[in-house]
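Take a look at the structure below.
What's counted below: heavy atoms across the whole structure, side chains too, no hydrogens, waters or symmetry copies. Throughout, a chain's letter reflects where its sequence line sits, starting with A, and its residues are numbered from 1.
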Amino acid sequence: MKTRDLVHVALFAALVAALGLLPPLALPVIPVPITAQTLGVMLAGSTLGARKAGLALLLFHLLVAAGLPLLAGGHGGLAVYPGPTGGFFVGWVPAAFVIGALTERAWRRLSVPLAFAINVLGGIGVIYAVGIPWLAVSAGLPLTQAAWGTLLFVPGDCVKAALAASAAVTLKRAWPLLQAPRAAEPPSSPP
Amino acid sequence: MSLGLYVHRTSALHAAPAGAKMLGLLGATTALLLFSSPPVLVTALAATLGLYALARLGPRELAFVPHLCAWVLLPLFVLQGVLSGWDTATRAVLRLAVLVLLAMLVSLTTRASDQIEALQRALRPLARFGVSPARLGLLLSLTLRFIPLLATWVHEVREAQRVRGLEHHPIAVLIPLLVKTLRTADALAEAIDARCFDAEDPP
């Protein structure tokens, strides 16, 4: 990893934390307030690519586990993990990785609908796949009940996926970071 | 802006090494998930409260408890009682209460920097996968430095877009924020390289 990559990892971990400091957005149509942090996860994935995004979220986890109140609403510390929503939070790491991997693969023909599909798959599919069983175990609920309960958050997450997709496509024009698949990192730089 | 949940007191619990406390928490969590009969849970709850007393943490540090009860434990108790019987409900809620109290105790009695150091030590075996302790240290300190700065930028960009009437347009806030972050990343990387930081392992 180059220094630039390390800095990207650190800055996106900080970005996810900074987005958690924003007041939750209340939309009139949706009953649950939207926090911007999962948006940060999606943005990291679709801007940095699989490896760096996964590392950025791991770094963020490390800081939260160390007791910094970086999650939306000032939550933090190891208490987050045994809690009912711990799995959704743990799911951010594979989610960022999956979004990154898919975005890298689709980089050449990335369009808003495609990026939206990728962000829904990673940002909703992967996060919920980790979060719902965790919620069921932590709260002792049957799996189906846990799944129904989280349906409430799907509309908000779809809004975030749409935002992340549109940001990713705009950013691809403004400041492209990823390269075409498989062409990344030549074995040795020319003198 | 201050970060961290740590509350300073002089007690044996505060003086205990961070790694030991975190390992203890891990052990307690696993044990409670395996054995969760009501007598065990009640004993664990009493022991946890005893540890709070030992750490000389008072009601002010326990101010999060009513919030926890009202927003997490009570709804969970009712939901579970209705779905799967009041016996299971009591057990699940007690277990969750003990776990959260214990984890909070670790965060309250251990400095974030000590916990980061303990984690860094625990992650040292990862060195063979290319995660060197020096690089990890750089990452952690960069992130800690940039959280308040990024929060300021979010605010600045919003203010700037408010002047243009775009404050409720999320994309108009996100794109400048991301570009600014990435541009700073480049400048920062150059500055770090200029100071001869070894980003890559020697061949």
Non-hydrogen atoms of chain A under 4.5 Å away: do they reach the side chain of [X], the backbone, both or neither?
{"X": "B:Arg95", "result": "side chain"}
{"X": "B:Leu174", "result": "side chain"}
{"X": "B:Leu177", "result": "side chain"}
{"X": "B:Leu25", "result": "side chain"}
{"X": "B:Val106", "result": "side chain"}
{"X": "B:Leu138", "result": "side chain"}

Treating B:Lys21 as the side-chain partner and B:Leu105 as the backbone partner, does any N or O pair qualify as donor plus acceptor under 3.5 Å? no
Test item: A:Gln37 side-chain N/O and A:Leu19 main-chain N/O as donor-acceptor pair under 3.5 Å: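 Not confirmed, A:Gln37 side chain does not pair with A:Leu19 backbone.
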Of the listed residues ([options]), which shares the most heavy-atom pairs with chain A below a 4.5 Å separation?
{"options": "B:Leu188, B:Leu178, B:Val154, B:Val100", "value": "B:Leu178"}
{"options": "B:Thr143, B:Thr184, B:Ile175", "value": "B:Thr143"}
{"options": "B:Asp114, B:Leu140, B:Thr152", "value": "B:Leu140"}
{"options": "B:Leu150, B:Leu102, B:Leu149, B:Leu182", "value": "B:Leu182"}
{"options": "B:Leu26, B:Leu108, B:Asp186, B:Thr110", "value": "B:Asp186"}

Between A:Arg4 and B:Glu190, is there a side-chain N and carboxylate O pair less than 4.0 Å apart?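 Judged by the 4.0 Å cut-off on N to carboxylate O distance, A:Arg4 and B:Glu190 do not form a salt bridge.
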Quick test of your reading of the model: are A:Lys160 and A:Asp157 salt-bridged, counting only N-O distances below 4.0 Å?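 A salt bridge links A:Lys160 with A:Asp157.
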Side-chain donor-acceptor pair present, B:Arg158, B:Gln161, cut-off under 3.5 Å: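 Note: B:Arg158 and B:Gln161 side chains miss the donor-acceptor criterion.
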With a 4.5 angstrom heavy-atom cut-off, which part of A:Phe60 approaches chain B: side chain, backbone, both or neither? neither
Between A:Ser138 and chain B, with a heavy-atom cut-off of 4.5 Å, which part of the residue counts as in contact: side chain, backbone, both or neither? both
Closest heavy-atom pair and its distance - A:Leu163, B:Ile171: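 Closest approach of A:Leu163 to B:Ile171: O-CD1, 3.4 Å.
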With a 6.0 Å cut-off (strictly less than), is the heavy-atom count around CH2 of B:Trp86, excluding the residue itself, greater than 12?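 Yes, the 6.0 Å shell around CH2 holds more than 12 heavy atoms from other groups.
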Taking atom CZ of A:Phe89 as the centre, does the number of heavy atoms from other residues, nucleotides or ligands within less than 6.0 Å exceed 12?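 Atom CZ in A:Phe89 is crowded, with more than 12 foreign heavy atoms closer than 6.0 Å.
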Please identify which of these residues, B:Arg9, B:His8, B:His14, meets the side-chain hydrogen bond (donor to acceptor under 3.5 Å, both in side chains) condition with B:Ser11. B:His14
